[in-house]
Amino acid sequence: MPEFQDPTSQQTETRAAREWVKILSQYREPNVMRSVYELVVTVGPFLTLWVLAWWAMSVSYWLTLTLSLCNAAFILRLFAIQHDCGHGAFFNNRTASDWLGRVLGVLTLTPYDVWRRTHSIHHSASGNLGRRGIGDVHTLTVAEYSALGPLMRLHYRVYRHPVVLFGLGPGYLFFLQNRIPLGLMNKARYWFSAMCTNAVILCALGLILYFGGLMPILLIFLPSTLLAATAGVWLFYVQHQFETTHWAAEEDWTLHEAALHGSSHYVLPGWLQWLSANIGIHHIHHVHSRIPFYRLPEVLRDHVELAISNRMTIGESLRNARLHLWDEQSKRLLSFAQFRALQR
């Protein structure tokens, strides 16, 4: 099985887990000019590809589809910028960050204020077995799965199947679930966020339909958004679902240990790292979420311990897609086959 941590570095990190917050605080200040630059080099190609894809409909629908699929990468990057806005890491001005996040939330089909709250819950409870349910991938322990009847086991296995998680799930999440403030239904402000976002999306789609008919929606909007959603769900999955991730019962759980050891360092080629806005450097992000995404590589250069911890290659991430159950005894995420072996 893949190893994600050098034993020596793990010992160093465990001893200093709480101290990393103070150490990394020196990287938390965003540079407004750099932030504007990152926004421009993301929004610019996004709009350009939309225009080119629209123009290409008069040439070839296949060319239009190709351009729209390429644009999925920039939608993903827009979501990453929205993500930084939610953490107050893109601009020092909280109001500017929030309004930029709300505008980008229309392009990513994500009500910003709803997402910001659920994502905050994710950061404050990641790896806590007693606080699962909002902003995470549902994960059962071996003991919990063992106690289920056949029907509920089937339900969990279907939910965790790659076809559901990465095939059906992204479309459901971004096109349907995001339309209501699920998990925050009793708060008017989150309904307002969801409904305002929905209204602007509908207006935009109405304008596209009026000026271009149905084909721009079918060939540009839907494919690009769905591919971006799929990539986003995959990235979120591999950030916390790996063999040596960190889960603990609520009484044993600590925020800093969970942040440092329960988030992966997804090692990607440079161009993929750029398109995903360094979100693969997720262990550092969880330790100090106020660090702008463009400063995360700087942290890796300055701190070797963090650069070599929780490393995951693309090949390893694909193998991790078969791990589904947390074993509290071995402190490992197991596959269903490994679970069956334990029962013999």
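Nothing here was measured: the structure is a model prediction, and the numbers come from that model.
Note that the CG atom of N278 and the CZ atom of R295 stand 12.5 Å from one another [nearest 0.5 Å]. Expressed to the nearest 0.5 Å, how far CG of L214 lies from CG of L222 amounts to 8.5 Å. Atom CG in L219 sits 9.5 Å away from atom CH2 in W62 (nearest 0.5 Å). The distance from the OG1 atom of T64 to the CE atom of M57 is 6.0 Å, given to the nearest 0.5 Å. A distance of 15.5 Å separates CZ of F74 from CH2 of W50, quoted to the nearest 0.5 Å. Atom-to-atom distance recorded for N92:CG and R94:CZ is 11.0 Å, nearest 0.5 angstrom.
Qualifying side-chain contact (heavy atoms from CB on, under 4.5 Å) partners for L255, counting only residues two or more places apart in sequence or in other chains: W253.
One N or O on the side chain of H324 and one on the backbone of R322 form a donor-acceptor pair closer than 3.5 Å. A donor-acceptor contact shorter than 3.5 Å is absent between the side chain of T230 and the backbone of P170. Looking at T197, its side chain does come within 3.5 Å of a backbone N or O of S193 through a donor-acceptor pair. No donor-acceptor pair under 3.5 Å is formed between the side chain of R179 and the backbone N or O of A194. Proximity of a side-chain donor or acceptor of D84 to a complementary backbone N or O of F293 within less than 3.5 Å is detected. Although no hydrogens or angles enter the test, the distance criterion places no donor-acceptor pair under 3.5 Å between the side chain of Y27 and the main chain of E298. Proximity of a side-chain donor or acceptor of T42 to a complementary backbone N or O of L78 within less than 3.5 Å is not detected. N310 places a side-chain N or O within donor-acceptor distance of the main-chain N or O of L260, the cut-off being under 3.5 Å. Judged by distance alone, with hydrogens and angles left aside, the side-chain atoms of H265 form a donor-acceptor pair with the main-chain N or O of A307 at under 3.5 Å. Of the possible polar contacts, none joining the Y190 side chain to the R117 backbone as a donor-acceptor pair under 3.5 Å is found.
In summary, R319 and E243 do not engage in a salt bridge, as defined by a charged side-chain N under 4.0 Å from a carboxylate O.
Side-chain contact between P292 and N31 is absent, with no heavy atoms from C-beta onward closer than 4.5 Å. P297 has its side chain within reach of I281: a pair of non-hydrogen atoms, C-beta onward, lies under 4.5 Å apart. You'll find the side chain of L107 stays beyond 4.5 Å of the side chain of I75, heavy atoms only. Looking at heavy atoms from C-beta onward, I279 lies in side-chain contact with Q239 at the 4.5 angstrom threshold. By the 4.5 Å heavy-atom criterion applied to side chains, T313 and R311 are not counted as neighbours. When side chains are defined from C-beta on, L342 counts as touching L334, because their heavy atoms get closer than 4.5 Å. Between R102 and D113 there is a side-chain heavy-atom pair separated by less than 4.5 Å. In this structure, L306 and L24 have side chains that are in contact, with non-hydrogen atoms separated by less than 4.5 Å.
Residues H286 and H122 have side chains that bring a donor and an acceptor to within less than 3.5 angstrom of each other. Looking only at atom types and distance, the side chain of R160 has a donor-acceptor partner in the side chain of T139 under 3.5 Å away. Side chain to side chain, Q82 and T110 fail the donor-acceptor criterion of an N or O pair below 3.5 Å.
Between W20 and H303, the two ring planes are perpendicular [angle over 60°; tilted spans 30° to 60°]. Ring geometry, W115 versus H119: the interplanar angle falls under 30°, so the pair is classed parallel (tilted spans 30 to 60°). Classification of the H285-H123 ring pair by plane angle, with boundaries at 30° and 60°, yields perpendicular. Note on ring orientation: taking the six-membered ring where Trp is involved, the planes of H240 and H282 are perpendicular (angle over 60°, cut-offs 30° and 60°).
In the hydrophobic clustering of ILVMFWY residues, with side-chain heavy atoms under 4.5 Å counting as a link, L296 and L300 come out together. The hydrophobic clustering, which links ILVMFWY residues whose side-chain heavy atoms are closer than 4.5 Å, places W191 and V106 apart. Under the 4.5 Å side-chain heavy-atom criterion for Ile, Leu, Val, Met, Phe, Trp and Tyr, V158 and V137 are members of distinct hydrophobic clusters. L52 and L218 fall within a single hydrophobic cluster, where Ile, Leu, Val, Met, Phe, Trp and Tyr side chains are chained together by heavy-atom contacts under 4.5 Å. In the hydrophobic clustering of this structure, L65 does not group with F46; members are Ile, Leu, Val, Met, Phe, Trp, Tyr whose side-chain heavy atoms approach within less than 4.5 Å, directly or through other members.
Centroid-to-centroid, the aromatic rings of H83 and F236 stay 6.0 Å apart or farther.
More than 12 heavy atoms of other residues, nucleotides or ligands sit less than 6.0 Å from atom OH of Y159. In this structure, F192 places its CZ atom where only 12 or fewer heavy-atom neighbours from other residues, nucleotides or ligands lie under 6.0 Å away. Shown here is E251, whose CD atom has more than 12 heavy atoms of other residues, nucleotides or ligands within 6.0 Å.
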> Can you list the steps and then say if Y237 with F166 is a ring pair (Phe, Tyr, Trp, His ring centres under 6.0 Å)?
Replying inline: CA-CA 9 Å; Y237 179 88; F166 312 119; 5.1 Å; yes

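Stacking of R157 on the aromatic ring of F336 is recorded, both the 6.0 Å distance cut-off and the 45° axial limit being met.
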